[in-house]
J.: 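Below is a structure I'd like to ask you about.
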Amino acid sequence: MAQYTPTLNPPKALILKHSNPDPSFSSFSTFTTPKPKSINFPKFSMSVTAAQNQQHYQEPPSLEALINGARKEEVLGVIKSSSSHCLSETNLHLTVPGLKSKIRGKVRDVYDNGDYLVMVTTDRQSAFDRILASIPFKGQVLNETSLWWFDKTQHITSNAVVSAPDENVTIAKKCSVFPVEFVVRGFVTGSTDTSLWTVYKNGARNYCGNVLPDGLVKSQKLPANILTPTTKAADHDVPVTPDEIIERGLMTQAEYDEVSRKALSLFEYGQRVALEHGLILVDTKYEFGKGQDGSILLIDEVHTPDASRYWIAHTYEERFQNGLEPENVDKEFLRLWFKDHCNPYEDEVLPDAPEELVCELAWRYIFLYETITKSKFKLPSTEEPIHDRISRNVARALSSLAR
């Protein structure tokens with residue numbers, strides 16, 4: 001295999017989806033830069049944190065630590081030795097009594113036990129609406145990152161979490177899922193067909209009900225965060241306007257108003273917390289459902305590197321002014337590698353992701369978790385097979401819930 005040295009930016013200018021337009025179904029759901037000219041746009045720097053938050057300010061994450069620090073060296077050794085033991089597939093319905101059907105999402109496997117849903121976050125890596133690779137420890141990172149954010153955002157919205165009996169597992173309340181993803185964006189960026197930069201570059205100036213001015217460039221901060229909802233058709237994200245959501249019966253006006261308000265509040269809070277920890281939360285997606293009591297609940301995942309884009313804050317402004325890509329701590333570099341080496345939307349068979357990129361992405365996910373939570377990621381023991389461990393922990397948790 002050809003050697004590939006991952007850099008911060010390669011050279012270049014809950015997740016079960018539903019196409020059913022009926023919101024009454026009951027299930028659990030679990031996105032070379034041109035150098036900017038003269039721009040009258042608000043600058044983005046660490047100074048945007050409110051004065052009342054300054055006492056909580058943390059030192060920004062070190063780029064040196066991200067690229068080749070001692071912690072990276074320590075973790076990479078374990079990542080490489082675990083690359084052949086990824087949790088790429090689960091079959092808990094065969095190993096845990098009481099579990100019924102399995103629904104395989106892009107990243108999560110979801111099981112129904114009658115009263116609750118058991119969501120297992122695997123190591124599968126998705127982008128461009130397909131699986132690209134398996135990333136060591138990714139499932140654990142995503143699950144534990146979401147649980148951290150679910151806990152921190154309860155003042156904004158209730159969520160569907162019941163318990164987390166295993167590093168890769170969340171047990172959740174059953175919900176009727178809104179067939180709409182609420183994508184919130186703070187910057188003009190992205191590489192997928194539905195990303196804001198792609199559609200803007202192709203001439204769109206009214207996107208999902210948002211009027212965009214001429215003259216924006218990639219990586220530019222928007223004057224205000226915007227909502228760009230999507231729905232599903234043929235297993236592909238389709239942008240939709242608020243009016244279309246109501247007209248098609250996907251949500252009522254009251255439901256849309258409540259969810260959109262919560263989504264924008266969640267994003268604003270996430271941006272503030274990320275910035276206090278030296279990161280920029282660039283964009284993300286949220287999913288919501290209705291509980292059995294009719295309340296609207298946050299579901300799926302929150303501010304994970306799978307559902308969000310993160311940049312290093314203290315280098316953003318200088319790099320943007322010099323026409324350079326921001327330093328990212330997410331899966332964008334893997335997206336760009338596939339776009340450079342194939343047509344990820346149309347090619348029937350994709351090339352294998354280089355081992356160096358797989359290991360780099362695994363490390364970045366762990367780095368992001370540790371930076372956001374200010375805690376050390378617990379690398380799991382390899383003595384017991386992951387599937388056996390999950391089966392044992394889920395069986396014990398369901399037995400306890402049934403009492």
J.: Has Lys285 got a side-chain atom pairing as donor or acceptor with Pro229's backbone, closer than 3.5 angstrom?
T.: no
J.: Test side chain to side chain donor-acceptor pair (under 3.5 Å) on Thr121 and Asn168 and set out the steps.
T.: CA-CA 5 Å; Thr121 309; Asn168 289 69; over 6 Å; no
J.: Please say whether more than 12 non-hydrogen atoms of neighbouring residues, nucleotides or ligands are located less than 6.0 Å from NZ in Lys152.
T.: no
J.: Answer yes when Lys221 and Glu317 have at least one side-chain N-carboxylate O distance shorter than 4.0 Å, and no when they do not.
T.: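 Result for this pair is no, no salt bridge flagged.
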J.: Has the side chain of Asp123 got a donor or acceptor atom that lies under 3.5 Å from a matching backbone atom of Leu87?
T.: yes
J.: Sub-3.5 Å donor-acceptor pair from the side chain of Lys100 to the main-chain atoms of Tyr111, do we have one?
T.: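 No, Lys100 side chain to Tyr111 backbone: no donor-acceptor pair under 3.5 Å.
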J.: Quick one: which of Leu76, Val141, Thr371 gives a side-chain contact (heavy atoms from CB on, under 4.5 Å) with Ile366?
T.: Val141
J.: Using a 6.0 Å distance limit plus a 45 degree cone around the ring axis, check whether Arg364 lies over the aromatic ring of Phe333.
T.: yes
J.: Say whether, by atom type as modelled, one donor and one acceptor occur between the side chain of Ser399 and the main chain of Ala395 under 3.5 angstrom.
T.: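 Pair absent, no side-chain N/O of Ser399 close to backbone of Ala395.
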J.: Apply the side-chain contact (heavy atoms from CB on, under 4.5 Å) test between Leu196 and each candidate in Val183, Asn210, Leu212; give the one that qualifies.
T.: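 Looking at Val183, Asn210, Leu212, the match for Leu196 under the side-chain contact (heavy atoms from CB on, under 4.5 Å) is Leu212.
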J.: Could you tell me whether Arg319 and Glu327 make a salt bridge, using a distance below 4.0 angstrom between a side-chain N and a carboxylate O?
T.: yes
J.: How about Glu301 and Thr304: does a side-chain donor come under 3.5 Å of a side-chain acceptor?
T.: yes
J.: Determine, stepwise, if the pair Tyr269 / His155 fulfils ring pair (Phe, Tyr, Trp, His ring centres under 6.0 Å).
T.: CA-CA 10 Å; Tyr269 176 76; His155 65 290; 4.8 Å; yes
J.: Between Trp311 and Phe187, how do the two ring planes meet: parallel, tilted or perpendicular, split at 30° and 60°?
T.: perpendicular
J.: Looking at every non-hydrogen atom in both residues, tell me the closest pair between Leu334 and Ala353 and how far apart they are.
T.: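 That closest heavy-atom pairing would be CD1-CB, 4.2 Å.
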J.: Evaluate the side chain to side chain donor-acceptor pair (under 3.5 Å) criterion for residues Asp293 and Ser295: first the C-alpha distance (whole Å), next the side-chain angles of each, then the deciding distance (0.1 Å), finally the verdict.
T.: CA-CA 6 Å; Asp293 62 357; Ser295 61; 2.7 Å; yes
J.: With salt bridge (charged side-chain N to carboxylate O under 4.0 Å, His left out) as the test, pick out the partner of Glu255 among Lys290, Lys262, Arg261.
T.: Lys290
J.: Checking Ser101 against Asp112: is there a side-chain donor and acceptor pair closer than 3.5 Å?
T.: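 The criterion, which ignores hydrogens and geometry beyond distance, is not satisfied for Ser101 and Asp112.
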J.: Does Phe178 have its ring centroid less than 6.0 Å away from the ring centroid of Phe288?
T.: no
J.: What closest approach, in Å, do Arg124 and Ser88 show between heavy atoms, and which atom pair accounts for it?
T.: NH1-O, 2.9 Å
J.: What are the two closest heavy atoms between Thr189 and Ser195, and how far apart are they?
T.: O-CB, 3.6 Å
J.: Can you find a side-chain donor-acceptor pair between Tyr365 and Asp306 that sits under 3.5 Å?
T.: yes
J.: Would you confirm whether Lys201, through its side chain, and Lys218, through its main-chain N or O, come within 3.5 Å as a donor-acceptor pair?
T.: no
J.: When Val240 is tested against each of Arg248, Glu181, Glu247 for side-chain contact (heavy atoms from CB on, under 4.5 Å), which residue passes?
T.: Arg248
J.: Quick check: closest heavy atoms across Leu281 and Gly270, and the distance to 0.1 Å?
T.: CD2-C, 3.7 Å
J.: Does a side-chain N-to-carboxylate-O contact under 4.0 Å join Arg335 and Asp340?
T.: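 So Arg335 does not pair with Asp340 through a salt bridge.
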J.: Within 45° of the axis and under 6.0 Å from the centre of the six-membered ring of Tyr200, does NZ or CZ of Arg205 qualify?
T.: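 Flagged: Arg205 positioned over aromatic ring of Tyr200.
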J.: Looking only at side-chain N and O atoms, does Thr228 offer a donor or acceptor that is under 3.5 Å from a partner on Arg185?
T.: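 There is such a pair (donor and acceptor under 3.5 Å, judged by atom type) between the side chains of Arg185 and Thr228.
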J.: Going through the distances and angles, do Glu144 and Lys378 end up as a salt bridge (charged side-chain N to carboxylate O under 4.0 Å, His left out)?
T.: CA-CA 10 Å; Glu144 294 185 344; Lys378 182 181 177 183; over 6 Å; no
J.: Salt bridge between Lys80 and Glu355, side-chain N to carboxylate O under 4.0 Å?
T.: no
J.: Does the distance from a Lys or Arg side-chain N to an Asp or Glu carboxylate O, for Asp115 and Lys173, drop under 4.0 Å?
T.: no
J.: Whether the Asp109 and Thr122 side chains hold a donor-acceptor pair (N or O, under 3.5 Å, no angle test) is what I'd like checked.
T.: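 Checked: Asp109/Thr122 side chains show no N/O donor-acceptor pair below 3.5 Å.
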J.: State plainly whether the residues Lys331 and Glu360 are in salt-bridge range, i.e. N to O under 4.0 Å.
T.: no
J.: If we ignore hydrogens and angles and just use 3.5 Å, is the side chain of Asn322 paired with the main-chain N or O of Glu318 as donor and acceptor?
T.: yes
J.: Do the side chain of Thr145 and the main chain of Tyr369 share a donor and acceptor less than 3.5 angstrom apart?
T.: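 A pair under 3.5 Å: no.
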J.: How about Leu297 and Asn159: do any of their side-chain heavy atoms sit closer than 4.5 Å?
T.: no
J.: Taking all heavy atoms of Asn393 and all of Pro165, pick out the closest pair and write down the distance.
T.: CB-O, 3.4 Å
J.: For Phe182 and Tyr286, I'd like to know if the aromatic rings sit close, meaning centre-to-centre distance below 6.0 Å.
T.: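 So the answer is no for these two rings.
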J.: Taking Glu268 for the side chain and Ser265 for the main chain, is one N or O donor matched with an acceptor at less than 3.5 Å?
T.: no
J.: Glu325 vs Asn328, test: side chain to side chain donor-acceptor pair (under 3.5 Å). Steps then yes/no.
T.: CA-CA 8 Å; Glu325 289 278 0; Asn328 66 72; over 6 Å; no
J.: If you look at every heavy atom in Ile372 and Ala274, which pair is closest and at what distance?
T.: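 So the minimum-distance heavy-atom pair works out to CD1-CA, 4.2 Å.
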J.: Got a donor-acceptor contact below 3.5 angstrom from the Glu370 side chain to the Phe367 backbone?
T.: no
J.: Do Pro344 and Lys339 come close enough that some side-chain heavy atom pair is under 4.5 Å?
T.: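 They are in contact (side-chain heavy atoms under 4.5 Å apart), so the answer is yes.
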J.: Is the side chain of Thr198 donor-acceptor paired with the backbone N or O of Thr194 at a distance under 3.5 Å, no angle test?
T.: no
J.: Salt bridge or not between Arg392 and Asp166? Use side-chain N to carboxylate O under 4.0 Å.
T.: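 No.
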